[in-house]
Q: 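Could you have a look at this structure, given as structure tokens, before my questions?
Note on naming: letters A, B, ... go to the chains in the order of the sequence lines (proteins, then strands), and numbering restarts at 1 for each one.
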Number of protein chains: 2
Amino acid sequence: MAHALQLFKPIRGKRTFEEISSEIKRLIFDGVLKPGDKLPSEIELARMFAVGRQSVREALRLLELSGFLNIRRGVKGGPVVEDTLFNKIGNLFLNAFKFKKISLEDLTKARIEIEKSVLLYAIENADAEDLKSLKDNIRKAKSTLRKGNPAFEENIDFHRLLARSSKNHVFLLVMESILAVLSDFTSRVNDVGLDRSREVTLCHEKILRAIQAKDREEGTRVLEEHLNEVRRILVED
Amino acid sequence: MAHALQLFKPIRGKRTFEEISSEIKRLIFDGVLKPGDKLPSEIELARMFAVGRQSVREALRLLELSGFLNIRRGVKGGPVVEDTLFNKIGNLFLNAFKFKKISLEDLTKARIEIEKSVLLYAIENADAEDLKSLKDNIRKAKSTLRKGNPAFEENIDFHRLLARSSKNHVFLLVMESILAVLSDFTSRVNDVGLDRSREVTLCHEKILRAIQAKDREEGTRVLEEHLNEVRRILVED
DNA sequence: TCACATTTGTCCGTATGTATC
DNA sequence: AGATACATACGGACAAATGTG
């Protein structure tokens with residue numbers, strides 16, 4: 001019987017701004033509005049929906065935070081359809097972490113398991129372009145290191161590229177969320193770490209070689225060792 | 001050099017409602033405000049922050065959508081700190097799916113890999129209470145089936161309980177997101193499916209037995225078979 | 001460089017809906 | 001049933017930002 005409940009109308013009537021938000025979202029889902037498209041100004045939207053400007057603004061807030069559009073101020077500004085969904089999900093994930101809903105222990109453990117799967121998919125599906133991106137990443141990291149700076153951004157980006165190589169958007173999304181937390185970490189503890197960044201980069205290089213050689217065993221071994229090392233570093237701080 | 005950028009102030013001055021939102025969020029992170037606590041009314045908040053009510057309202061919109069509080073209307077109503085983070089992340093994940101950012105193919109493939117890890121952790125960490133919940137779930141599903149109804153809700157809930165048994169909140173969160181999509185699916189195609197729900201319930205029973213016996217091989221085998229079956233069913237529709 | 005137009009950002013006053021006592 | 005306290009919503013006004021000529 002429970003599943004039949006879905007047939008009835010929602011008991012609690014939606015608020016005005018929620019209806020406006022849903023309506024605009026529907027247009028985006030249906031492809032009527034596409035990334036890059038500019039929406040009418042708040043005043044015009046209010047006229048079109050026959051509501052006050054406040055309701056329109058609150059609807060836009062929801063869509064903005066959900067990752068469907070950006071809002072620019074000034075002339076030629078206004079709401080623009082823009083896809084930042086993965087980014088926003090990463091933000092919420094980071095919130096959950098800060099809210100103590102997720103421990104560093106849980107994060108790193110789950111990461112090891114998930115990233116092993118990602119690696120296997122990457123070995124299977126990475127194309128020439130992916131390999132080039134990964135190689136470029138390592139080259140840039142080494143260049144940064146030679147200048148005497150830790151290559152934190154490049155190190156994090158390596159895992160993003162790895163997820164992209166898996167050709168699976170769920171993996172990419174989960175990885176994006178995990179990296180949002182790690183970025184937050186490294187952005188705060190940014191002294192010391194040159195040596196560690198160097199070690200990390202070397203590990204990444206080994207992983208890349210395993211992908212090129214399609215060596216699952218070696219790849220998994222190095223990755224697991226690498227992530228356990230990262231885990232130890234993080235827990236120390 | 002890139003990492004040093006984080007030291008500077010944000011270039012773009014935050015908007016008023018964003019600052020208010022951050023401030024309240026900070027109080028929640030720091031534990032000053034806890035779930036169940038009631039915040040002052042909009043009017044009072046506006047007075048306290050020395051801003052207009054509209055700014056407060058938009059700040060509350062952000063916090064509401066982010067899963068930090070609920071807002072109740074009427075006397076004795078107002079903003080109440082309430083943790084619905086996982087729920088909201090699931091919603092955004094569902095959005096990403098509807099927005100065609102994620103294919104059913106990607107979802108089911110990733111799910112198989114992730115849930116295999118979840119199962120191994122569950123076998124390791126499930127306590128007596130978890131086993132009881134899982135058993136109850138299957139009993140309830142069977143009861144529903146005997147009444148001639150498909151046990152969709154119970155079937156989905158089984159996987160939630162499985163993730164809970166893993167004792168890892170990241171797994172739980174990822175599972176919650178995946179199930180949000182599946183719930184949306186089954187809520188729309190709710191005719192036919194009694195036989196399938198019966199098969200699914202039997203599979204769940206086998207998985208539970210494998211957990212009780214701590215049999216990793218058998219558990220992984222049944223789970224993989226089960227999820228592949230689910231995948232076939234979903235892709236058919 | 002400067003003035004102008006457009007659009008978001010913000011505040012205020014007021015009215016209505018809604019839930020609790 | 002009526003009073004109360006709150007969110008919800010409308011309209012008008014001005015400030016701030018920003019692209020354009």
Q: Without decimals, in angstroms, what is the distance between B:Arg73 CZ and C:dT16 P?
A: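 My rounded result for the distance is 17 Å.
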Q: Is there a donor and acceptor pair, one atom on the side chain of B:Arg53 and one on the base of C:dT14, closer than 3.5 Å?
A: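 Check passes, donor-acceptor contact within cut-off.
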Q: C:dC11 C1' sits how many Å from A:Arg57 CZ, rounded?
A: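 Answer to the nearest Å: 11 Å.
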Q: Touch check for A:Arg72, heavy atoms < 4.0 angstrom, all strands: base, sugar-phosphate only, or nothing?
A: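 Here A:Arg72 touches the backbone only, sparing every base.
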Q: From C:dG9, D:dC10, C:dA5, pick the nucleotide closest to the side chain of A:Glu42?
A: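 Closest nucleotide to the A:Glu42 side chain: C:dG9.
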Q: By the 4.0 Å heavy-atom rule, please label B:Gly52 as base, sugar-phosphate, or nothing.
A: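 Answer is sugar-phosphate: B:Gly52 comes under 4.0 Å of backbone atoms only.
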Q: From C-beta outward on A:Ser55, which listed nucleotide comes closest to its side chain: C:dT8, D:dT8, D:dA9?
A: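 Nearest nucleotide to the side chain: D:dA9.
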Q: What nucleotide, of D:dG19, C:dT8, C:dT20, holds the atom closest to the side chain of B:Val75?
A: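 Comparing D:dG19, C:dT8, C:dT20 against the side chain of B:Val75, the answer is C:dT20.
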Q: For the pair A:Arg160 and A:Asp157, evaluate salt bridge (Lys or Arg N to Asp or Glu O under 4.0 Å) and give the outcome as yes or no after the intermediate values.
A: CA-CA 5 Å; A:Arg160 198 189 320 274; A:Asp157 210 41; 2.8 Å; yes
Q: Just the rounded figure in Å: distance from P of C:dG9 to NZ of B:Lys14.
A: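 After rounding, the gap between these two atoms is 15 Å.
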Q: Which label fits A:Phe158 and A:His204: parallel for a plane angle under 30°, tilted from 30 to 60°, or perpendicular past 60°?
A: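 Parallel, since the angle between the ring planes stays under 30°.
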Q: If you measure only the distance, is there a donor-acceptor pair under 3.5 Å linking the side chains of B:Thr84 and B:Asn70?
A: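 B:Thr84 vs B:Asn70: no donor-acceptor pair found between side chains.
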Q: Atom CD of B:Gln54 to atom P of C:dG9: distance rounded to whole Å?
A: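 Taking CD of B:Gln54 and P of C:dG9, I get 10 Å after rounding.
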Q: Look at the side chain of A:Arg61 and decide which nucleotide, out of C:dG9, C:dT10, D:dT8, has an atom nearest to it.
A: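 That would be C:dG9.
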